Protein chains: 2
Amino acid sequence: MKLKELAEQLGLSQTTVSRALNGYPEVNKATRERVSQAAQKYGYSANANARRLAIGRIGAIGILMPRDRSERFGPHTSEFFSGLAEQLSQHEMDLLMSPSINNDELAAYRRLISSKRVDGIIITGPTLMDERVAMLTEAKFPFVLHGRTNIAAPHAWLDIDNAGAFRQAASHLIDLGHRHIAMIDGLKGHTFSEHREMGYREALVERGIAVDPRFIVHERFSDETGFHEAQRLLSYTPHPTAILAGSMMTALGIFRAIRSKGYELGKEVSVIAHDDVFPYLNASNMVPAMTTTRSSIRSAGSRIAELLVRVLDGEPVENIHEIWPVELILRQSSGPPVAPRR
Amino acid sequence: MKLKELAEQLGLSQTTVSRALNGYPEVNKATRERVSQAAQKYGYSANANARRLAIGRIGAIGILMPRDRSERFGPHTSEFFSGLAEQLSQHEMDLLMSPSINNDELAAYRRLISSKRVDGIIITGPTLMDERVAMLTEAKFPFVLHGRTNIAAPHAWLDIDNAGAFRQAASHLIDLGHRHIAMIDGLKGHTFSEHREMGYREALVERGIAVDPRFIVHERFSDETGFHEAQRLLSYTPHPTAILAGSMMTALGIFRAIRSKGYELGKEVSVIAHDDVFPYLNASNMVPAMTTTRSSIRSAGSRIAELLVRVLDGEPVENIHEIWPVELILRQSSGPPVAPRR
DNA sequence: CTGTTAGCGCTTTCAA
DNA sequence: TTGAAAGCGCTAACAG
């Protein structure tokens, strides 16, 4: 069923029908009612492409799927997407996921823009000098960044306080009496990773604790690297009595390493993990319950969609910056260091 | 830059330029070359909406995002999407994720179809009499189902052998000497859940072991339910000496419950979990390594995209059915039952 | 309040 | 091998 046919059925012009359906004010109430009824009855809904072609707005925002096994696509992704969807449904917008072709991400972004398939773009997992941000800013294409960069040109972003999260966690451990603290975080280069390391370093330096470079690990997020790296760390003498984990998955591996070394978690070795909040993996429910730096990535997704809508509505991007504080949730996986029983 | 402008630059007609760019054979080789160069130079790429409007094909497939916290959106999602993307990039197709509005999923599907935003749809997590399948079949809209239903009308689907997976796992446990075997799987109603229970029951019945309804648990997939349900199961006398877990997350919780009851995993209590294969959570790397029924959901995603492309190319849907066998990978979390030390 | 008339940017006959 | 012209289905000025 197309507009023309619907209009003929009703004995009205396409224009009037279109106006009635799109909520224009000048339509007679009775007419509008009649039109709605008919549209309902015939299951009419405008051809999105024709509509878009005519109005020039797309009604979709884009996100590029990395082709390789990037950290940008992990267990947090579904939560982030859920958050986006929640918000986008309010605006009747879709989310277009475009696979990047031939591993050339920038080209994929350019194509996405020039082919006019989306109104705006969401970028995640930036590096400090992210070239996607540079390119999109230059191209003046609307986007919101999840994370931050060091790029000066104004652009919209929302980030969590990663430095603060790790600074707070490390400080807390130092308060508890720990002096050998390690961190196992995500790959180097990513802003969040760099910021977390900064926060960690600040906390140590502030309290006059020397930074041991062997204790700073940057690796892919997985239980496996958590396990192996923690095993390595615990084999040093002295070994760390506390470990900061960049993700819940990493933490799971670290837990195993601690147990397999015969240490008790939360006593001989403490762990604090960053928690994106997954409905299927609950820190408070672990044994012992896990101390975390918590920040809902679902909420971030939802908010970012909202911000992008504001950008699309013309709000200047220099006004759109948000840093979300991260909560330190104290539970049982962290405590004062206890000397190993021998 | 639009086609018209590009054509003017080149002193050619839109027609010729269009043909050159779309690989029509009748274009002079030199002309085609010149056009490609220019397109490259100006970063021209066709307005997708205009193009779609003209040719009637969209170049995108759709997937509906459940609005509520459905099991359809979990840690496996990112892997499934990666698989889809991998394949779709071969065909230069996008993936459109449409949020369902007002919790009315069927309406959202109808809107997605009638507004012509996608060429085909992928459905996941069906129930036995899934109404989405019924509706799309009726509407003759191309789709591929990940999973199966009991609906007779022909439609394309790919499923893994869930019954076989649990039958195999349960049989193996019986072979090892277990007589009290429980299962903690996903919510009732979903086909995969029903099939797994069927397989489990078959294995028990075949060997003359009575089915204890208390030992069959259907719950949301999460470490938390795994933990609580396993604790409950282990408090019975006699308690199960083996547990089948429907997901890795569930298994994590079960592991904790076993440890917190003071049992040794793989000895006093065995666990076999279904593993979708996550890069960030590795069964073989656990301690003890986890016995699993393994099937890569990423591969399934990739294949499903391929199948959908075939459906779009007009292949009859009655030819498009695949059941993938599930591998039982023996590791250390399952072994002969060992009487608890007291 | 409703209708007529041009487009939106591309593809595709049909003619040359 | 190339071009002119007619749509694809909708919206938006402009009239009435």
Side-chain angles (χ1 to χ4, degrees), chain A residues 1-39 42-60 92-94 111-119, chain B residues 1-39 42-60 92-94 111-119:
Chain A
M1 168 72 76
K2 48 177 85 167
L3 185 60
K4 191 175 171 188
E5 293 162 11
L6 184 61
E8 277 165 5
Q9 284 290 331
L10 287 159
L12 288 167
S13 73
Q14 293 188 40
T15 315
T16 302
V17 177
S18 166
R19 280 197 279 238
L21 258 22
N22 290 308
Y24 280 53
E26 63 263 41
V27 184
N28 184 318
K29 199 163 180 187
T31 311
R32 185 193 303 283
E33 187 58 28
R34 207 157 61 87
V35 172
S36 305
Q37 300 275 328
Y42 296 110
Y44 170 83
S45 125
N47 178 313
N49 298 299
R51 177 158 216 280
R52 288 162 173 183
L53 184 58
I55 65 179
R57 248 229 192 186
I58 317 295
E92 300 212 24
M93 294 183 95
D94 294 320
R111 233 177 52 98
L112 193 57
I113 295 175
S114 64
S115 65
K116 297 224 162 48
R117 279 172 298 171
V118 295
D119 294 315
Chain B
M1 166 74 76
K2 48 176 83 167
L3 185 60
K4 191 174 170 188
E5 293 162 10
L6 184 62
E8 278 165 5
Q9 285 290 331
L10 286 158
L12 289 167
S13 73
Q14 293 188 39
T15 315
T16 303
V17 176
S18 167
R19 282 199 277 239
L21 257 21
N22 289 308
Y24 280 54
E26 65 264 40
V27 183
N28 184 318
K29 198 162 178 187
T31 311
R32 185 193 304 282
E33 188 57 29
R34 208 157 60 88
V35 171
S36 306
Q37 301 276 326
Y42 296 111
Y44 170 81
S45 124
N47 178 313
N49 299 298
R51 179 158 213 281
R52 290 162 174 184
L53 184 57
I55 66 178
R57 247 226 191 189
I58 317 296
E92 302 214 21
M93 293 183 96
D94 294 320
R111 233 176 52 98
L112 194 56
I113 295 174
S114 64
S115 65
K116 297 226 166 42
R117 278 172 300 172
V118 295
D119 294 315

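By convention in this document, chain letters (A, B, ...) are assigned in the order of the sequence lines, proteins followed by strands, and residues within each chain are numbered from 1. If you're wondering where the values come from, they're calculated on a predicted model, not measured in any experiment.
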Enquirer: Checking all strands, does B:Ile55 fall into the base, sugar-phosphate, or nothing category for heavy-atom contacts under 4.0 angstrom?
Expert: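 Sugar-phosphate: the residue B:Ile55, judged by heavy atoms under 4.0 Å, touches backbone atoms but no base.
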Enquirer: Between atom CG in B:Leu3 and atom C1' in C:dC8, what is the gap in whole Å?
Expert: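 So the two atoms are 13 Å apart, to the nearest Å.
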Enquirer: Show the nearest heavy-atom pair for residues B:Tyr24 and B:Arg32, with the distance to one decimal.
Expert: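 So the minimum-distance heavy-atom pair works out to O-NH2, 2.5 Å.
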Enquirer: B:Asn47 side chain: which of C:dC10, C:dG3, D:dA12 is closest?
Expert: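 Nearest to the side chain of B:Asn47 among the choices is C:dC10.
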Enquirer: So, applying side chain to side chain contact (heavy atoms under 4.5 Å, CB included) with B:Val17, which one of B:Thr31, B:Leu12, B:Val27 is it?
Expert: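 With B:Val17 as partner, side chain to side chain contact (heavy atoms under 4.5 Å, CB included) holds for just one option, B:Leu12.
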Enquirer: To the nearest 10 degrees, what angle separates the axes at the start and end of the helix from C:dC1-D:dG16 to C:dA16-D:dT1, five pairs each?
Expert: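 Comparing the axis at each end, I get an angle of 30°.
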Enquirer: Expressed as a whole number of angstroms, how long is the span from A:Arg57:CZ to C:dG9:P?
Expert: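 Computing the A:Arg57:CZ to C:dG9:P distance gives 17 Å.
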Enquirer: Is a side-chain donor-acceptor pair under 3.5 Å present for A:Glu33 with A:Gln37?
Expert: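 Side-chain D/A pair, A:Gln37 to A:Glu33: present.
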Enquirer: Let me know which of B:Glu8, B:Lys2, B:Lys4 forms a side chain to side chain contact (heavy atoms under 4.5 Å, CB included) with B:Gln14.
Expert: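 The option that passes is B:Lys4.
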Enquirer: State whether A:Lys4 places a side-chain N or O below 4.0 Å from either non-bridging phosphate oxygen (OP1 or OP2) of D:dG9.
Expert: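 No, outside the criterion.
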Enquirer: Hey, does the side chain of B:Tyr44 come within less than 4.0 Å of C:dC10's phosphate (OP1/OP2), counting only N and O?
Expert: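 The answer is yes; a side-chain N or O of B:Tyr44 sits under 4.0 Å from OP1 or OP2.
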Enquirer: Using a cut-off of less than 4.0 Å, is there contact between a side-chain N or O of A:Asn49 and OP1 or OP2 of D:dG9?
Expert: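 False: A:Asn49 side-chain N/O out of range (4.0 Å or more) of D:dG9 OP1/OP2.
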Enquirer: From the options D:dC10, C:dT11, C:dC1, select the nucleotide whose nearest atom is closest to the side chain of A:Glu26.
Expert: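 It is C:dC1.
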Enquirer: Below 4.0 angstrom, which residues in residues 27-38 of chain A have at least one non-hydrogen atom near DNA chain D?
Expert: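 Output list: empty, so none.
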Enquirer: Looking at C:dC1, I'd like to know if its phosphate oxygens (OP1 or OP2) sit under 4.0 Å from a side-chain N or O belonging to A:Tyr24.
Expert: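 For A:Tyr24, the contact criterion (side-chain N or O under 4.0 Å from OP1 or OP2 of C:dC1) is not met.
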Enquirer: Without decimals, in angstroms, what is the distance between B:Leu53 CG and D:dA6 P?
Expert: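 In whole Å, D:dA6 P lies 17 Å from B:Leu53 CG.
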Enquirer: May I ask you to list the residues of residues 13-20 of chain B, by number, that have any heavy atom positioned under 4.0 Å from an atom of DNA chain C?
Expert: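 Contacts with DNA chain C under 4.0 Å: B:Gln14, B:Thr15, B:Ser18, B:Arg19.
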